[in-house]
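Taking it in order: structure first as structure tokens, then the write-up.
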Amino acid sequence: MKKHSEAQTDVKSLLGLGDQSTRKSYYAELEANLDELEREKNKYKSLFDHALHGIFQADLDGKILNANKAMASMCGYDTPDTFKNKHRNLKDELFYSKEEFLRFKKMLLQNKQIDSFETTFHTHLSDNQQIVVSISAILKDQPDQLIECFVKDITTLKEAERELLIAATAFDSQEGMMITNHKREILRVNNAFCRITGYTAEEVIGKTPKLLQSGQHSPLFYKRMNDTLSLKKYWQGEIWNRRKSGEIFPEYLTITAVESDEGNISHYVAAFTDVTQIKESEAKIHHLAYYDTLTGLPNRQSLMEKLTSLLKRTSRSQRNGALLFIDLDNFKNVNDTHGHSTGDLLLKHVANRLKETVRETDIVARLGGDEFIIVLEDIGDDDEAINENVRHVINNISELFSKSIILDQFEYHASCSIGVTPFKGGETADDVMKRGDMAMYQAKWSGKNTCRFYDPEILVPQFHMAELELELRNALPKDQFTLYYQPQYNTENLTGAEVLIRWIHPERGIISPAEFIPIAEETGLIVPIGWWILESACNQLKEWSRSDETKHLQLSVNVSARQFSQINFVEETIDILERTEIDPNLLKLELTETVVLTDVDETIAKMNELRLFGIRFSLDDFGTGYSSLSHLKKLPLEQLKIDQSFVRDITTDPDDAEIVQTIIAMSYNLGLSVIAEGVETQKQKEFLELSRCKNFQGYLLGKPMPINEFTANCIPAAKT
Ligand code: C2E
Ligand code: CA
Ligand code: CA
């Protein structure tokens with residue numbers, strides 16, 4: 001109030017209402033006041049001009065009225081005027097968008113004052129870079145509505161903040177992180193560290209990373225790590241550490257040394273990933289690449305590597321070993337008849353059995369299919385020692401194979417052919433394998449279920465194998481097969497013949513079935529060939545049925561395991577019987593023990609079906625296999641055929657003589673007829689007759705021969 005009346009007096013004086021002296025002094029005072037005001041103004045102008053923060057004024061439309069130097073230079077201008085000229089309007093020339101300005105204005109109108117409004121400004125800086133600013137603003141209502149702004153460039157601050165955020169995010173990444181000081185005391189760890197190691201942050205802070213040591217690495221390992229760190233300020237590698245639980249785990253670790261400005265190491269930053277799973281998958285991949293998934297045995301790749309390194313080692317020590325190349329006989333049969341899962345089961349059994357036959361240190365591998373390899377290491381310095389050791393293993397194998405295997409409810413008798421080759425150091429794995437392969441073929445060719453040492457003299461069949469196979473495929477369409485007939489007699493008369501196939505090769509002449517039947521079986525070609533044989537034999541019976549002299553003659557036809565195991569064997573056979581219209585009683589099928597024992601129940605079922613039609617069965621090569629009496633009793637056989645190997649020595653070897661007599665006695669007990677094959681001498685025949693054998697086949701009575709010879713020589717009455 002008082003101030004108000006004083007002012008009234010001043011105004012009166014000013015209008016000349018006061019006296020002269022009063023007026024004068026008033027002017028002086030006014031002048032002084034103006035000076036004071038000017039000084040004050042200059043002072044504020046200087047403050048305005050030299051302020052470190054940008055200051056500007058604008059009206060509510062956003063028109064910039066005033067700006068200081070700092071504001072101009074913040075936005076890349078030399079003077080406030082150039083700034084003002086360029087950024088006449090806040091709306092979109094300074095604020096990065098009109099909407100942003102409107103948001104700012106709205107806030108200001110509401111609150112009259114804003115403490116810190118963060119936004120982005122356009123600038124004239126290089127590349128028209130935008131800056132992040134923080135604005136404090138006041139709305140001045142008097143005399144006009146004015147916006148007064150104080151602007152701080154916080155671009156760098158924001159960037160630093162973002163960097164920090166990134167660092168913090170990175171620190172809390174999936175990788176375990178640990179920061180230590182130069183004394184290696186742990187300062188910080190992240191969540192991943194805790195998750196991987198099982199420790200909480202509190203448990204490890206202040207401790208050293210020694211806490212994690214697994215004891216898997218030598219002191220030298222840690223010394224090297226430290227040396228590298230001090231030299232290169234960096235270490236990276238795989239390391240085994242220990243979790244809180246005690247579990248040891250592999251991690252991939254990177255340690256970086258952080259240097260202070262003075263060049264001393266101030267901190268260490270360690271980042272690591274748990275590579276347990278990677279290791280596990282690596283191991284799995286390794287296992288897949290090196291081990292056969294079915295049997296778990298090393299595969300070919302692994303075998304070759306092991307063998308190569310063994311041959312290198314052996315070359316140094318000059319010790320000798322041997323390789324056994326093992327191939328299952330008639331394996332395809334099992335697959336064809338019982339399906340692949342049964343085949344797989346058999347392979348697993350065999351793999352397990354083979355492992356049992358050798359020492360831990362020997363290698364047992366599966367090459368694929370039904371081929372296995374055994375490598376015996378360090379078994380002697382001379383042939384005799386090696387032979388003895390190999391024989392020992394082979395005996396083990398035969399013993400194991402002589403026991404039947406129960407596969408999916410049926411009993412299976414597996415057999416195998418084994419090729420053996422000794423080796424010395426300095427040879428290549430390939431050479432040794434090749435020899436083993438050939439030896440195995442030599443074993444197969446000599447009739448399966450046997451073992452052969454590699455013999456360089458018998459190379460031919462192996463080399464011709466592929467060629468022979470190809471030609472064998474064409475033999476049937478090219479009509480190169482023919483049947484020979486070997487007469488069979490009882491004590492007085494010709495009873496019929498055994499049909500034996502011959503391959504009349506255009507260049508090689510007559511090829512023995514002993515040579516090509518194994519290939520035909522291996523390749524499955526035996527099936528179509530077998531049907532051709534059966535049909536041809538039936539045609540011959542049909543032919544004979546037309547004449548009184550021959551209509552009683554029987555034919556024995558060999559049936560291979562592979563053919564007999566065909567699912568449609570019974571139907572096809574009956575088909576042929578019906579097509580050729582022969583008397584099935586005159587047809588005898590010769591089965592071997594391998595056929596019969598592959599799947600006894602199935603065999604019996606098939607045999608019984610065919611028996612109903614009148615077909616008879618003879619058990620070929622009897623005495624060489626494993627037939628047990630209990631099996632024999634169950635089989636609907638008509639005849640046993642004593643193998644020629646017993647007949648051969650019947651007059652010289654009392655053991656063989658006894659065996660033959662036992663077989664004959666047994667066959668009568670079982671109500672079976674018996675025939676001896678391979679009868680070559682009169683003496684043999686007499687002995688057999690004395691032993692009550694009543695049927696004979698052999699060179700003494702006639703070799704296998706073409707049908708016209710047979711007709712001419714064996715059925716004299718039929719010909720005129
Ligand atoms: P296998 O069934 O045991 O046939 C008897 C073999 O002994 C025949 O040899 C025959 O020529 C021979 N042989 C006959 N008598 C005597 C003798 O007194 N002394 C001697 N040392 N040998 C005699 P082959 O014809 O070479 O046949 C060999 C094997 O080939 C046969 O043995 C049989 O397993 C197979 N085979 C022959 N023909 C066929 C056929 O048509 N189908 C099938 N699946 N296999 C056949
Ligand atoms: Ca036979
Ligand atoms: Ca035979």
Side-chain angles (χ1 to χ4, degrees), residues 329-330 333 444-449 472 475-476 480-489 496-504 509-540 554-566 569 573 587-596 616-625 637 639-651 675-685 688 695-707 709-710 714:
D329 297 331
N330 308 314
N333 254 325
K444 274 250 184 277
W445 284 66
S446 52
K448 303 187 174 179
N449 193 16
L472 191 58
L476 203 55
Q480 292 172 347
F481 293 119
T482 189
L483 293 181
Y484 275 29
Y485 295 79
Q486 184 175 32
Q488 294 179 333
Y489 287 87
E498 176 178 5
V499 174
L500 294 157
I501 193 170
R502 295 294 178 265
W503 180 7
I504 317 291
I510 299 177
I511 302 179
S512 147
E515 205 172 322
F516 70 84
I517 293 281
I519 310 176
E521 285 196 344
E522 233 19 73
T523 53
L525 282 168
I526 192 67
V527 177
I529 295 174
W531 293 127
W532 176 84
I533 296 167
L534 190 63
E535 181 136 19
S536 307
C538 289
N539 282 329
Q540 188 54 54
Q554 305 177 0
L555 275 183
S556 290
V557 177
N558 294 289
V559 176
S560 97
R562 188 102 191 240
Q563 187 182 6
F564 189 79
S565 65
Q566 299 290 301
F569 182 78
T573 308
L587 182 64
K588 199 177 282 179
L589 299 183
E590 289 195 6
L591 303 180
T592 58
E593 285 167 283
T594 18
V595 176
V596 169
R616 302 176 199 201
F617 291 94
S618 176
L619 192 58
D620 204 355
D621 304 340
F622 186 70
T624 55
L637 289 168
Q639 185 180 62
L640 291 185
K641 197 168 192 182
I642 305 170
D643 189 63
Q644 48 183 290
S645 60
F646 300 113
V647 176
R648 191 180 303 130
D649 300 326
I650 206 174
T651 52
I675 182 167
E677 71 176 338
V679 183
E680 293 184 352
T681 66
Q682 192 57 40
K683 260 185 150 180
Q684 289 167 343
K685 186 164 179 263
L688 287 161
N695 297 285
F696 314 95
Q697 180 186 345
Y699 292 173
L700 177 71
L701 304 149
K703 291 196 171 187
M705 54 194 111
I707 188 63
E709 265 180 51
F710 183 86
C714 306

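Counting starts at 1 for both ligands and their atoms, following the listed order. All residue numbers refer to positions in the sequence shown, counting from 1.
In the vicinity of E680, heavy-atom distances shorter than 4.0 Å reach the ligand 1 atoms 17 (C), 18 (O), 19 (N), 20 (C), 21 (N). Atoms of ligand 1 found under 4.0 Å from any heavy atom of G678 (numbered from 1 in listed order, with element): 16 (C), 17 (C), 18 (O). Near E677, with a cut-off below 4.0 Å to any heavy atom, the atoms of ligand 1 are 3 (O), 5 (C). If you number the atoms of ligand 1 from 1 as listed, the ones under 4.0 Å from a heavy atom of P704 come out as 11 (O). Heavy-atom proximity to I501, at under 4.0 Å, picks out these atoms of ligand 1: 38 (N), 39 (C), 40 (C), 41 (O). Atoms of ligand 1 found under 4.0 Å from any heavy atom of S560 (numbered from 1 in listed order, with element): 44 (N). Distances below 4.0 Å separate heavy atoms of G698 from the following atoms of ligand 1: 15 (N), 18 (O).
Within the 4.0 Å heavy-atom criterion, the part of Q644 lying near ligand 1 is the side chain and not the backbone. At a heavy-atom distance under 4.0 Å, only side-chain atoms of R502, from C-beta outward, approach ligand 1. Under 4.0 Å from ligand 1, not a single heavy atom of L483 appears. By the criterion of a heavy-atom distance under 4.0 Å, the side chain of D621, and not its backbone, is placed next to ligand 1. Contacts between K703 and ligand 1, counted as non-hydrogen atom pairs separated by less than 4.0 Å, are absent for every part of the residue.
Closest to atom 10 (C) of ligand 1 by heavy atom, among V499, V559, L500, is L500. Between the choices I511, L534, I533, the shortest heavy-atom distance to atom 41 (O) of ligand 1 belongs to I533.
Note that K641 lies outside the cation-pi zone of F622, set by a 6.0 Å cut-off to the ring centre and a 45° limit from the axis.
Ring geometry for W532 versus F481: interplanar angle of 30 to 60°, hence tilted.
Counting all heavy atoms, side chain and backbone alike, V527 lies closest to Q563 at O-NE2, 4.1 Å. Nearest heavy atoms, V595 versus V559: CG2-O, 3.9 Å. Closest heavy-atom contact between L555 and V499: CD2-CG2, 3.7 Å.
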Worksheet item: How far apart are the C-alpha atoms of N558 and E498, what are their side-chain angles, what is the distance that settles it, and do they pass the side-chain hydrogen bond (donor to acceptor under 3.5 Å, both in side chains) test?
Response: CA-CA 8 Å; N558 294 289; E498 176 178 5; 2.8 Å; yes
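Here's the thing with Q697: none of its N/O atoms is less than 3.5 angstrom from an N/O atom of ligand 1. Residue A514 has no nitrogen or oxygen atom sitting less than 3.5 Å from a nitrogen or oxygen atom of ligand 1, judged on distance alone.
Judged purely by atom type and a 3.5 angstrom limit, Q684 uses its side chain to pair as donor or acceptor with the backbone of E680. Side-chain N or O atoms of R562 include one that pairs as donor or acceptor with a backbone N or O of E521 at under 3.5 Å. A donor-acceptor pair under 3.5 Å is absent between the side-chain atoms of S618 and the main chain of D620, judged by distance alone.
Checking N695 against Q639 by side-chain atom types alone, no donor-acceptor pair falls below 3.5 Å. Side-chain contact annotation: Q697 with Q488, donor-acceptor N/O pair under 3.5 Å present.
Heavy-atom distances between E498 and ligand 1 reach below 4.0 Å in at least one pair. Note on ligand 1: G530 sits outside its first shell, no heavy atom being nearer than 4.0 Å.
Taking 3.0 Å as the criterion, N558 counts as a coordinating residue of the Ca ion (ligand 2), since one of its N, O or S atoms falls below it. The distance from the Ca ion (ligand 2) to the nearest N/O/S atom of E590 is under 3.0 Å. Here D620 reaches the Ca ion (ligand 2): one of its N/O/S atoms is less than 3.0 Å from the metal.
Aromatic pair F696/Y489: ring centres not closer than 6.0 Å.
How far CD of Q486 is from CD of E677: 8.0 Å, rounded to the nearest 0.5 Å.
In E498, the N, O or S atom that comes nearest to the Ca ion (ligand 2) is OE2.
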